[in-house]
Amino acid sequence: SSETYSFGRINLVESRYRNGLGDIVSTVASVLARDMDKPWGYIKTIIDPASMMYKWIQGHASPGPILPRDFINFDDHLVMILNGREPKEIIDGKKELGRFTIGLALFNPETGDVPWISSKPLIDDPKARAITFASDFLRLNKREGILYAHIDDSFVKGYKINTDGLRNY
């Protein structure tokens, strides 16, 4: 996901760190690409699951597509699809992966901040058991599009979304 600036391009990328339990945690960071052929410069982590208040994104986070500005925006913020995962749980003495879900966030392209994240997922596929993430958006017309998601890291499923539904959400 990216937004272009006169000084370069701000890209939102999946980053990570190792928490106090030794687990790797995926985060969303902003990076500056002055030249796409050269190394990008880290700006800051903008979504850290450890600081999230909603369970659907307290385990991991990664950026999904940013929807086109002329499809939908909110108070000059871009609407971003956000991949999330609930925290791991201990079940019968074993660590089990948390559920994978897909939500929404607002991205401020001027500051690089995310001022709002949905309190619940936009897509919570009950059949999803392993890595699940939204990867692409195909616009069908002025008000509708298909959000493609990889379910269980094994097949792709399309979810039809429209601007009215997103605004109501």
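For this chain, numbers begin at 1 and follow the sequence in order. Heavy atoms only: backbone and side chains are in, while hydrogens, waters and symmetry mates are out.
- Summarising the geometry, atom CD1 belonging to I57 is positioned 10.5 Å from atom OG belonging to S26; distances are rounded to the nearest 0.5 Å.
- Distance alone, capped at 3.5 Å, places no donor-acceptor pair between the H60 side chain and the R85 backbone.
- Between I46 and L12, some side-chain heavy-atom pair lies under the 4.5 Å cut-off.
- The backbone N or O of D164 sits less than 3.5 Å from a side-chain atom of N162, completing a donor-acceptor pair.
- Under the 4.0 Å criterion applied to side-chain N and carboxylate O atoms, K88 and D23 are assigned as salt-bridge partners.
- Side chains of V79 and F107 form no contact here, defined as non-hydrogen atoms less than 4.5 Å apart.
- At least one side-chain heavy atom of W40 sits less than 4.5 Å from a side-chain heavy atom of V13.
- Residues F100 and I24 fall into different hydrophobic clusters, defined by Ile, Leu, Val, Met, Phe, Trp and Tyr side chains chained together at heavy-atom separations under 4.5 Å.
- Side-chain contact check for L166 versus L104: some heavy-atom pair is nearer than 4.5 Å.
- Between K157 atom NZ and I146 atom CD1 the span is 13.5 Å, to the nearest 0.5 Å.
- Summarising the geometry of S62 relative to L82, their closest heavy-atom pair is O-CD1, 3.5 Å, with the distance given to 0.1 Å.
- With rounding to the nearest 0.5 Å, the separation of CG in N108 from CG in D76 is 8.5 Å.
- For Y148 and Y159, the ring centers are positioned 6.0 Å apart or more.
- For the atom pair CD1 of I81 and CG of L122, the computed distance is 6.0 Å after rounding to the nearest 0.5 Å.
- V31 is not listed as a side-chain neighbour of I43, based on a closest heavy-atom distance of 4.5 Å or more.
- A single hydrophobic cluster is not seen to contain both L21 and Y17; linkage of ILVMFWY side chains at heavy-atom distances under 4.5 Å, directly or through other members, places them apart.
- For the pair T132 and D152, the minimum side-chain heavy-atom distance is below 4.5 Å.
- L67 contributes atom CG, which lies 7.5 Å from atom CG of L147 (distance to the nearest 0.5 angstrom).
- Considering only heavy atoms from C-beta on, V25 stays 4.5 Å or farther from R16 through its side chain.
- D113 places no side-chain N or O within donor-acceptor distance of the main-chain N or O of P115, the cut-off being under 3.5 Å.
- Around the NZ atom of K44, the shell of radius 6.0 Å holds more than 12 heavy atoms that belong to other residues, nucleotides or ligands.
- Residues F137 and F74 share a hydrophobic cluster, clusters being chains of Ile/Leu/Val/Met/Phe/Trp/Tyr side chains in contact below 4.5 Å.
- At least one donor-acceptor pair under 3.5 Å links the side chain of N73 to the backbone N or O of R69.
- Other residues, nucleotides and ligands contribute over 12 non-hydrogen atoms within 6.0 Å of the CG atom of N141.
- Classified by interplanar angle (parallel below 30°, tilted 30° to 60°, perpendicular above 60°), the ring pair H150/F133 is parallel.
- Between P49 and T27, the closest side-chain pair of non-hydrogen atoms falls below 4.5 Å.
- Surrounding CZ of R139 are more than 12 heavy atoms belonging to other residues, nucleotides or ligands, all under 6.0 Å away.
- The closest donor-acceptor contact from the side chain of S118 to the backbone of K120 lies under 3.5 Å.
- Between the CD1 atom of I66 and the CD1 atom of I72 there is a distance of 13.5 Å, given to the nearest 0.5 Å.
- The backbone N or O of M52 sits less than 3.5 Å from a side-chain atom of Q58, completing a donor-acceptor pair.
- Sparse packing is recorded around CE of M53, with 12 or fewer heavy atoms of other residues, nucleotides or ligands lying under 6.0 Å away.
- Residue T163 comes nearest to K142 through the heavy atom pair CG2-O, 4.3 Å, listed as atom of the first residue, atom of the second, then distance.
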TODO: Go through the steps for M80 and I47 under the test side chain to side chain contact (heavy atoms under 4.5 Å, CB included), then give the verdict.
DONE: CA-CA 12 Å; M80 177 175 98; I47 299 173; 4.1 Å; yes
- [ ] Evaluate side chain to side chain contact (heavy atoms under 4.5 Å, CB included) for N11 paired with M36, printing each intermediate quantity in order.
- [x] CA-CA 10 Å; N11 289 330; M36 294 300 282; 3.9 Å; yes
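- The backbone N or O of D37 sits less than 3.5 Å from a side-chain atom of D35, completing a donor-acceptor pair.
- Taking each heavy atom of W56 and I102 in turn, the nearest pair found is CZ3-C, 4.2 Å.
- P63 and N83 get closest at one heavy-atom pair: O-ND2, 3.5 Å.
- Applying the 6.0 Å contact sphere to OH of Y169 captures more than 12 heavy atoms from other residues, nucleotides or ligands.
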